[in-house]
Amino acid sequence: ICFALIIYLTKDIKLLVVNTTVNARFWPTIIGIGGCALSVIMLIQSIMEGVALRNREESGEAEKPPRAERFYQGAKRRSLITLALMFLYILGLDYFGFFAMTVAYLFLQILTLSGKENRKLWKIALIDVAFTLVIYLLFRYAFQMMLPAGKFWSMIGG
């Protein structure tokens with residue numbers, strides 16, 4: 001529903017430049033469509049898993065093992081952390097700008113989603129900064145679009 005709302009609200013985005021294929025409405029629309037598609041896939045998977053679990057319970061097979069229950073509890077926790085990180089990213093984007101907020105968001109998001117055995121901070125930081133730099137350069141030079149610099153960096157003379 002949220003992604004469908006994003007698609008609906010993109011029509012209200014004011015365009016400063018009209019003679020380009022990649023404009024301010026392009027990426028929100030792509031994200032909305034991709035999010036809707038992934039949401040439908042996840043909904044179908046959840047329904048199928050629920051039906052399979054019900055069939056196992058009715059046939060007398062063992063219930064979900066405790067390990068699976070811990071995994072689902074962890075997944076709920078990670079989902080809530082992800083939503084909070086996304087909310088903070090959006091709030092901080094105007095003040096701190098694209099580069100600083102994206103580096104912080106990606107670092108924390110990768111930490112949230114990675115297993116404890118896979119947490120090598122230097123690798124996460126390297127991937128994080130490299131990805132953010134590539135996205136910045138892609139938007140700046142390939143799409144000729146400026147990303148938000150942030151009020152904080154403007155105040156300190158950046």
Side-chain angles (χ1 to χ4, degrees), residues 1-13 15 20-140 142-143 145 147-148:
I1 292 172
C2 290
F3 286 114
L5 185 62
I6 288 172
I7 295 170
Y8 174 74
L9 292 175
T10 56
K11 71 175 180 56
D12 293 334
I13 296 175
L15 300 178
T20 179
T21 53
V22 179
N23 55 35
R25 293 179 188 158
F26 180 78
W27 289 111
T29 303
I30 294 296
I31 290 169
I33 291 169
C36 282
L38 290 174
S39 296
V40 168
I41 291 169
M42 289 177 67
L43 178 65
I44 292 169
Q45 284 179 335
S46 294
I47 291 170
M48 290 172 50
E49 287 173 8
V51 168
L53 180 61
R54 190 174 322 128
N55 290 340
R56 279 188 303 217
E57 288 173 351
E58 288 174 359
S59 68
E61 292 181 20
E63 295 182 21
K64 283 193 295 187
R67 184 170 184 258
E69 189 62 39
R70 283 196 312 269
F71 173 78
Y72 289 122
Q73 290 299 323
K76 288 179 186 177
R77 187 177 141 268
R78 285 189 300 272
S79 296
L80 291 174
I81 291 171
T82 296
L83 285 173
L85 287 173
M86 291 168 68
F87 181 73
L88 293 172
Y89 177 77
I90 292 167
L91 285 179
L93 199 57
D94 188 41
Y95 189 72
F96 291 108
F98 171 80
F99 202 82
M101 285 308 297
T102 303
V103 167
Y105 169 77
L106 284 178
F107 186 80
L108 295 172
Q109 187 65 62
I110 292 170
L111 279 179
T112 300
L113 296 176
S114 65
K116 291 182 181 179
E117 65 279 354
N118 296 328
R119 289 185 183 163
K120 293 184 173 66
L121 296 181
W122 67 272
K123 279 186 179 179
I124 293 172
L126 181 66
I127 291 168
D128 180 16
V129 171
F131 180 80
T132 304
L133 189 59
V134 166
I135 294 299
Y136 175 79
L137 294 173
L138 181 71
F139 270 83
R140 178 70 180 100
F143 298 138
M145 295 176 73
L147 294 168

Can L121 and F107 be said to form a side-chain contact (heavy atoms from CB on, under 4.5 Å), step by step? CA-CA 9 Å; L121 296 181; F107 186 80; 3.8 Å; yes

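- The environment of L137 atom CG is dense: over 12 non-hydrogen atoms of other residues, nucleotides or ligands sit within 6.0 angstrom.
- Interatomic distance, CG of L113 versus CD1 of I81, reported as 9.0 Å (0.5 Å rounding).
- We find the CE-CG distance between M101 and L91 to be 8.0 Å, quoted to the nearest 0.5 Å.
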Could you walk me through whether F3 and I31 pass the side-chain contact (heavy atoms from CB on, under 4.5 Å) check? CA-CA 8 Å; F3 286 114; I31 290 169; 4.2 Å; yes

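- Atom CG in L106 sits 10.5 Å away from atom CD1 in I127 (nearest 0.5 Å).
- Inter-residue side-chain proximity for L133 and F99 is flagged as met; some heavy-atom pair is nearer than 4.5 Å.
- A ring pair (Phe, Tyr, Trp, His ring centres under 6.0 Å) with Y89 is found for exactly one of Y105, F96, Y95, F98, namely Y105.
- Across all non-hydrogen atoms, the minimal contact from T102 to D128 is O-OD1, 3.7 Å.
- Remark: L88 CG to L83 CG distance equals 11.0 Å, nearest 0.5 Å.
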Derivation of the side-chain contact (heavy atoms from CB on, under 4.5 Å) call for I1 and L5: CA-CA 6 Å; I1 292 172; L5 185 62; 5.5 Å; no

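- The closest donor-acceptor contact from the side chain of T10 to the backbone of I7 lies under 3.5 Å.
- Here the CG-OG1 distance, from L108 to T82, works out to 10.5 Å after rounding to the nearest 0.5 Å.
- A distance of 11.5 Å separates CD1 in I41 from SG in C36, rounded to the nearest 0.5 Å.
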